[in-house]
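As structure tokens, the structure follows; a few thoughts come after it.
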Amino acid sequence: MSSRSFPEGGAHLQNPLPVELLEPKDISAAIAYLVSEGAAAFREINCLPFAPARDNPYSGAGILNFVFGEMWLRPGLGMKERRLITVACVGFQDAQYPIVSHVYAALKSGDVSFDEMDELALHFAAHYGWLKASHLNQGIAEQKRRVLDEAGSDRPI
């Protein structure tokens, strides 16, 4: 499980945004704060020791500020629910790298069990099609093996 706390239904930032940063006169400080929080959340959520560079709008404003600084940390859904929704969405898109990264992080974090991930693939297949689901299922099998290998386990998947 994650060492950082992402509370359900509560404040999503580890350190709430200081009120003075909410003033329109200094929006850059508020954005820098959210990007910093987003970078920490990116590392934790993706089970990675790094976050993307902040040197372009896609990574800084998009991925770190909005996706991981805000969206992944919002109240209302737990981490498990967000992970399941995200895996289904990237499976729908047939997005190779996001399938790998989100399936891996869901399994590595322990937020989603191997059995739950297999059920997600079955449910996805029943609703979107077996051919489309075969790509997602292959990614799931590969990431289950990766997680087991990293743990030094020779358990069959």
Side-chain angles (χ1 to χ4, degrees), residues 1-114 116-121 123-124 127-128 132-133 135-136 138-140 142-144 146-151:
M1 290 303 228
S2 298
S3 59
R4 183 174 164 146
S5 174
F6 298 107
E8 296 177 38
H12 69 276
L13 297 175
Q14 191 173 30
N15 301 307
L17 191 61
V19 173
E20 62 272 10
L21 292 182
L22 297 176
E23 296 295 320
K25 64 183 183 211
D26 194 10
I27 195 71
S28 62
I31 290 171
Y33 180 82
L34 290 173
V35 169
S36 175
E37 285 292 306
F42 179 94
R43 289 188 298 274
E44 186 68 27
I45 290 165
N46 287 292
C47 302
L48 295 171
F50 61 88
R54 305 170 191 187
D55 60 355
N56 64 72
Y58 176 82
S59 295
I63 299 298
L64 297 177
N65 180 19
F66 177 67
V67 176
F68 288 95
E70 184 175 338
M71 192 179 75
W72 270 88
L73 303 178
R74 290 180 52 78
L77 291 175
M79 194 57 61
K80 179 180 202 159
E81 291 82 8
R82 289 185 194 282
R83 290 190 187 281
L84 292 171
I85 291 165
T86 301
V87 169
C89 290
V90 298
F92 175 78
Q93 296 169 337
D94 263 341
Q96 180 62 35
Y97 182 74
I99 288 172
V100 167
S101 62
H102 286 289
V103 169
Y104 171 77
L107 296 172
K108 177 76 173 180
S109 67
D111 290 335
V112 178
S113 72
F114 284 20
E116 290 168 329
M117 192 63 75
D118 289 341
E119 286 299 317
L120 181 146
H123 202 78
F124 182 89
H127 287 277
Y128 193 64
K132 187 76 153 184
H135 185 235
L136 176 60
Q138 178 183 349
I140 290 170
E142 291 167 359
Q143 297 316 302
K144 285 166 46 176
R146 178 181 171 193
V147 168
L148 289 172
D149 288 349
E150 288 177 359

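As the structure is a computational prediction, the values presented were derived from the model and not from experiment. Only this structure's heavy atoms are used, side chains among them; waters, hydrogens and symmetry mates stay out.
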In Å and rounded to the nearest 0.5 Å, what is the [atom1] to [atom2] distance from [X] to [Y]?
X    : Y    : atom1 : atom2 : value
L107 : I140 : CG    : CD1   : 7.5 Å
N65  : M71  : CG    : CE    : 12.0 Å
L84  : E119 : CG    : CD    : 11.5 Å

I want to check something: taking the side chain as every heavy atom from C-beta on, are [X] and [Y] in contact at a cut-off of under 4.5 Å?
X    : Y    : result
L77  : I85  : yes
E142 : R146 : no
R74  : R82  : yes
R83  : I45  : yes
Q143 : M117 : no
L136 : Y128 : no

Check: Can you pull the ring pair (Phe, Tyr, Trp, His ring centres under 6.0 Å) pairs that have at least one residue in residues 35-69, sequence neighbours excluded?
Finding: F42-F68, F68-W72
So, for [X] and [Y], which heavy atoms are closest and what is the spacing to 0.1 Å?
X   : Y    : value
P52 : L64  : O-CD1, 3.5 Å
R54 : S36  : NH2-CA, 4.1 Å
G91 : F124 : C-CZ, 3.5 Å
A39 : A51  : O-CB, 3.8 Å

Identify all side-chain donor-acceptor contacts of residues 93-105 below 3.5 Å with residues at least two apart in sequence or on another chain.
residue : atom : partner : partner atom : Å
D94     : OD1  : H135    : ND1          : 2.9
D94     : OD2  : K132    : NZ           : 3.0
Q96     : OE1  : H135    : NE2          : 2.8
S101    : OG   : Y97     : O            : 3.2
S101    : OG   : P98     : O            : 3.3
Y104    : OH   : E150    : OE1          : 2.7
Y104    : OH   : E150    : OE2          : 3.2

